[in-house]
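The structure appears right after this line, and notes come after that.
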There are 2 protein chains.
Amino acid sequence: MAQMDAKQAEKISKALSDPTRLKILSEIKKKNDWLYCVDLYDNINLAQPSICHHLKQLTETSIILPEKEGRNIKYTMNNEVIDDYIVFLQGLKK
Amino acid sequence: MAQMDAKQAEKISKALSDPTRLKILSEIKKKNDWLYCVDLYDNINLAQPSICHHLKQLTETSIILPEKEGRNIKYTMNNEVIDDYIVFLQGLKK
DNA sequence: GGAAAATATCGAAACATTTCAATGAATTAA
DNA sequence: TTAATTCATTGAAATGTTTCGATATTTTCC
């Protein structure tokens with residue numbers, strides 16, 4: 001990703017503006033590397049399609065990266081996107 | 001503000017997840033210090049109550065700080081909140 | 001005090017997001 | 001190949017956000 005523009009920053013912000021999605025990110029962080037989708041069903045009190053919906057928003061913005069492993073999917077944090085977003089935020093400051 | 005928790009980060013994210021609000025922040029940045037509310041009516045193609053609504057969301061989260069000056073209100077960026085938000089984001093990374 | 005200017009509030013329409021039950025698709029294991 | 005497991009999609013209800021016209025509030029200037 002080059003320089004993040006306002007439209008991209010808006011999308012990242014929106015992806016981060018939901019308690020379930022922040023919870024998912026903290027679960028990934030807790031796992032330290034890869035989090036399996038299946039593990040979320042234990043920790044998040046929502047129906048499976050809802051969790052799937054939130055994961056989609058996080059993957060579509062590339063905040064997390066999915067990897068298929070058999071019939072499971074595991075996710076990892078994409079630090080680059082967060083870093084680019086931080087650069088954008090720094091640019092807002094006076 | 002002490003350590004920003006997930007609930008606060010969610011609110012900041014939501015405040016930043018709208019094109020008009022990002023535009024307002026870039027206008028404040030452009031002015032380099034203080035932006036007058038009135039100046040936004042020229043640069044943003046929305047009715048006055050809509051702009052007022054967006055300013056409210058930015059002030060309620062303390063992303064910008066208002067100051068009354070006669071019958072005008074001027075706004076400045078609150079770097080601290082952005083910095084605290086950035087610390088929260090860094091904490092999401094692996 | 002009365003008129004003008006700047007911002008805020010209210011209420012409703014339009015639009016977007018979240019949630020879930022039902023169902024589909026892909027993969028594994030028996 | 002059949003059954004079980006995991007994730008994705010669809011469609012609809014509930015909820016939340018954005019927008020604006022109308023109107024209220026606050027301050028200034030005459």
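All values below come from the heavy atoms of this structure, side chains included, with hydrogens, waters and symmetry mates left out.
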- prompt: Would you say K14(A) reaches dT17(C)'s phosphate, i.e. side-chain N/O to OP1/OP2 under 4.0 Å?
  reply: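 Affirmative; the distance criterion is met.
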query: Does OP1 or OP2 of dT18(C) have a side-chain N or O of S50(A) closer than 4.0 Å?
result: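 Looking at the OP1 and OP2 atoms of dT18(C), neither is under 4.0 Å from any side-chain N or O of S50(A).
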Over all strands shown, is [X] touching base, sugar-phosphate only, or nothing at heavy-atom distances under 4.0 angstrom?
| X | value |
| --- | --- |
| K74(B) | nothing |
| Y41(B) | sugar-phosphate |
| Q57(B) | sugar-phosphate |
| C37(A) | sugar-phosphate |
| L55(B) | nothing |
| H53(B) | base |

task: Name the residue closer to the 5' end of DNA chain D, choosing between K56(A) and R71(A) according to the nucleotide with the nearest heavy atom.
output: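 Looking at the nearest nucleotide for each, R71(A) comes out on the 5' side.
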- request: Check the distance between dT27(D)'s P and E67(B)'s CD and give it to me in whole angstrom.
  value: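 My rounded result for the distance is 15 Å.
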T59(B), D39(B), L65(B) screened by side-chain contact (heavy atoms from CB on, under 4.5 Å) with Y75(B), the one that passes: T59(B)
query: Donor-acceptor pair under 3.5 Å: do we get one between Q48(B)'s side chain and the base of dA6(C)?
result: no
message: With a sphere of 6.0 Å drawn around NZ of K31(A), does it hold more than 12 non-hydrogen atoms of other residues, nucleotides or ligands?
response: no
- prompt: With a cut-off of 6.0 Å (strictly less than), are more than 12 heavy atoms of other residues, nucleotides or ligands near NZ of K93(A)?
  reply: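 For K93(A), atom NZ is crowded (more than 12 foreign heavy atoms under 6.0 Å).
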- prompt: Out of T76(B), N78(B), N79(B), which residue meets the side-chain hydrogen bond (donor to acceptor under 3.5 Å, both in side chains) rule with K94(A)?
  reply: T76(B)
Proximal nucleotide (of dC20(D), dT19(D), dT26(D)) relative to the P49(B) side chain: dC20(D)
query: Which one, dT7(C), dC7(D), dT18(D), comes nearest to the side chain of I73(B)?
result: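 Closest of the options to the side chain of I73(B): dT7(C).
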5′-ward residue of the pair Y75(B)/T20(A) relative to DNA chain C: Y75(B)
- prompt: With no hydrogens and no angle check, is any side-chain donor or acceptor of E60(B) less than 3.5 Å from a backbone partner on Q57(B)?
  reply: no
